[in-house]
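This report concerns only the one structure given below.
Letters A, B, ... mirror the listed sequences (proteins, then strands); counts begin at 1. Quick caveat, the model's predicted, so the values are computed rather than measured.
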Amino acid sequence: MPAGRTHGAPRIDGETLLAFGTRLRAWYRRNARDLPWRATRDPYHILVSELMLQQTQVSRVMEFYPRFLERFPTLEVLAAARETHVVAAWEGLGYYARARNLHKLSRAVVREGAAAWGDPPSNGRATLPPDAESLRRLPGVGPYTAGAVSSFAFERRAALVDTNVARLITRVFAPRLDARRARDQKRIWAITEATLPRTGKATWVHNQALMELGALVCTARVKRCGVCPLRRLCKTYQRRM
DNA sequence: AATGCGGGGGG
DNA sequence: CCCCCAGCATT
């Protein structure tokens, strides 16, 4: 299957895909916000940030993330804590099932993690699996979070689609698709995968950049096309919106 | 496929 | 005052 051929979606030529990624990542290197979870590769820390960020804005998570990790710095510490204490540290963030799932997850991983995904015996530290497929089986971890942890913590070449990426991809490549329609999700994932660079390292930047551009430039209510690096290849822009 | 889950901020 | 926000589990 040639690059750019996506399941039922309009074919995107390789040159366009290349230009898309190159411009996107160049923009990110100059415009990215300095966020704490971008300065670490600790899988547990990344996981906490991703769970907190589910349906929750960055500015809100910033108020909780450092404090939570100070209180529960490792999977082992979290697993040893009582659930009520974990939920208490989550108080104010909302969607408290995330906290309960995180706690449950920590106990599962500490107890049987190494056996489940063949961790190197190493120093007895519990770790998360690096592949999206295994991550996906953990409680509270869906398709997005699995891809995010695989890419951002382990620098694997994994795709991820959140609300930002879905909006950006549809606007640039497939304005007929609706990110909110379940049926279109498959095709949006396929297009997103087709845009990924070759290596895991570059994919880390690429994925961060997709979300950052969606969060800062190609937002839900305002399209800042005047400062968008993808303007010239964007189908929505070409249609004069 | 549809719904519940929290709470705050922006247009 | 709605709509939206680095979604997921359940039905």
query: Considering only the C1' atoms, how many Å lie between C:dC8 and B:dG9, rounded to the nearest integer?
result: 23 Å
task: Check the distance between C:dG7's C1' and A:Leu47's CG and give it to me in whole angstrom.
output: 13 Å
field: 5′-ward residue of the pair A:Arg98/A:Val222 relative to DNA chain B
entry: A:Arg98
- request: Using a heavy-atom cut-off of under 4.0 Å over every strand shown, decide if A:Val165 touches base, sugar-phosphate, or nothing.
  value: nothing
query: Roughly how far, to the nearest 0.5 Å, is NE2 of A:His206 from OH of A:Tyr28?
result: 12.5 Å
Between C:dC5 (C1') and A:Met52 (CE): distance, integer Å: 16 Å
Candidate nucleotides C:dA9, C:dC8, C:dA6, ranked by approach to the side chain of A:Arg136 - the nearest: C:dA9
- request: Just compare B:dG11, C:dC4, C:dA6 and give me whichever is closest to any side-chain atom of A:Ala220.
  value: C:dC4
message: So, under a plain 3.5 Å distance rule, would you say the side chain of A:Tyr144 forms a donor-acceptor pair with the base of C:dG7?
response: no
Spatial distance of atom CZ (A:Arg107) from atom NZ (A:Lys104) [nearest 0.5 Å]: 11.5 Å
- prompt: Within the structure shown, what part of the strands sits under 4.0 Å from A:Leu51 by heavy-atom distance: base, sugar-phosphate, or nothing?
  reply: nothing
task: Could you check whether A:Ala148 gets within reach of a base, just the sugar-phosphate, or nothing at all, counting any heavy atom under 4.0 Å?
output: nothing
Length of the line joining A:Tyr95:OH and C:dC8:P, which is rounded to integer Å: 12 Å
- prompt: Base, sugar-phosphate alone, or nothing: which one does A:Arg181 contact when heavy atoms must sit under 4.0 Å apart?
  reply: nothing
message: Closest approach to the side chain of A:Asn101, judged atom by atom: which nucleotide of B:dG6, C:dA9, C:dA6 is it?
response: C:dA9
message: Between C1' on C:dA6 and CZ on A:Arg167, what's the gap in Å once rounded to a whole number?
response: 11 Å
task: Take the protein atom CG of A:Leu168 and the nucleotide atom C1' of C:dC4, then report the distance between them rounded to whole Å.
output: 17 Å
message: Could you tell me how far B:dC5 sits from C:dC5 if I compare only their C1' atoms? Round to whole Å.
response: 14 Å
Can you give me every donor-acceptor pair (side chain of residues 207-217 of chain A, partner residue at least two apart or in another chain, under 3.5 Å) with its distance?
| unit_1 | atom_1 | unit_2 | atom_2 | d |
| --- | --- | --- | --- | --- |
| A:Asn207 | ND2 | A:Ser151 | OG | 3.0 |
| A:Asn207 | ND2 | A:Ala158 | O | 2.9 |
| A:Asn207 | ND2 | A:Thr203 | O | 3.4 |
| A:Gln208 | OE1 | A:Arg38 | NE | 3.0 |
| A:Glu212 | OE1 | A:Arg33 | NE | 3.3 |
| A:Glu212 | OE1 | A:Arg33 | NH2 | 2.8 |
| A:Glu212 | OE1 | A:Arg38 | NH2 | 2.8 |
| A:Glu212 | OE2 | A:Arg33 | N | 2.8 |
| A:Glu212 | OE2 | A:Arg33 | NE | 2.9 |
| A:Glu212 | OE2 | A:Arg38 | NH1 | 3.2 |

statement: Side-chain contact check for A:Glu50: nearest option of C:dA6, C:dC8, C:dC4 is C:dA6
- prompt: Could you state the CG-P distance from A:Leu105 to C:dA9, rounded to the nearest angstrom?
  reply: 11 Å
- prompt: Is there a donor-acceptor contact under 3.5 Å from the side chain of A:Arg23 to the main chain of A:Leu230?
  reply: no
message: Measure CG/A:Leu53 against P/B:dG7 and give the value in whole Å, please.
response: 18 Å
query: Taking the side chain of A:Arg221 as its heavy atoms from C-beta onward, which of B:dG6, C:dA9, C:dC4 lies nearest to it?
result: C:dC4
- request: Side chain of A:Tyr96 only, please: which of B:dG7, B:dG8, B:dA1 is the nearest?
  value: B:dG7
query: Pick the nucleotide of DNA chain C nearest each of A:Val58 and A:Leu138; which residue has the one closer to the 5' end?
result: A:Val58
task: Mind listing the closest non-hydrogen atom pair of A:Arg98 and A:Leu93 along with its distance?
output: NH2-O, 3.4 Å
statement: Ranking A:Leu93 and A:Arg183 by the position along DNA chain B of their nearest nucleotide, the one closer to 5' is A:Arg183
task: Remember a base hit wins even if backbone is also touched, and classify A:Leu210 as base, sugar-phosphate or nothing at under 4.0 Å, heavy atoms.
output: nothing
message: With a 3.5 Å cut-off and heavy atoms only, can you find an N or O donor on one side and an acceptor on the other between the side chain of A:Ser59 and the base of B:dG9?
response: no
task: Classify the nucleic acid contact of A:Thr56 as base, sugar-phosphate or nothing, counting any heavy atom under 4.0 Å across all strands shown.
output: base
message: Just N and O in the side chain of A:Gln55: are any of them under 4.0 Å from OP1 or OP2 of C:dG7?
response: yes
- request: Round to the nearest Å and state the distance from A:Phe64 atom CZ to C:dA6 atom C1'.
  value: 17 Å
message: Going by purine N1 to pyrimidine N3 plus the second Watson-Crick contact, or the G-U wobble pair, all under 3.5 Å, which nucleotide sits opposite B:dG6?
response: none
query: When the P atoms of C:dA9 and B:dG8 are considered, how many whole Å apart are they?
result: 25 Å
- request: Assign the ring pair A:Phe173 / A:Phe20 to parallel, tilted or perpendicular, where the plane angle (0 to 90°) is split at 30° and 60°.
  value: tilted
task: Is it possible for you to check whether A:Arg41 lies under 6.0 Å from the centre of the six-membered ring of A:Trp204, through NZ or CZ, and within 45° of that ring's axis?
output: yes
query: What does A:Thr145 touch in the nucleic acid at a heavy-atom separation under 4.0 angstrom: a base, only the sugar-phosphate, or nothing?
result: sugar-phosphate
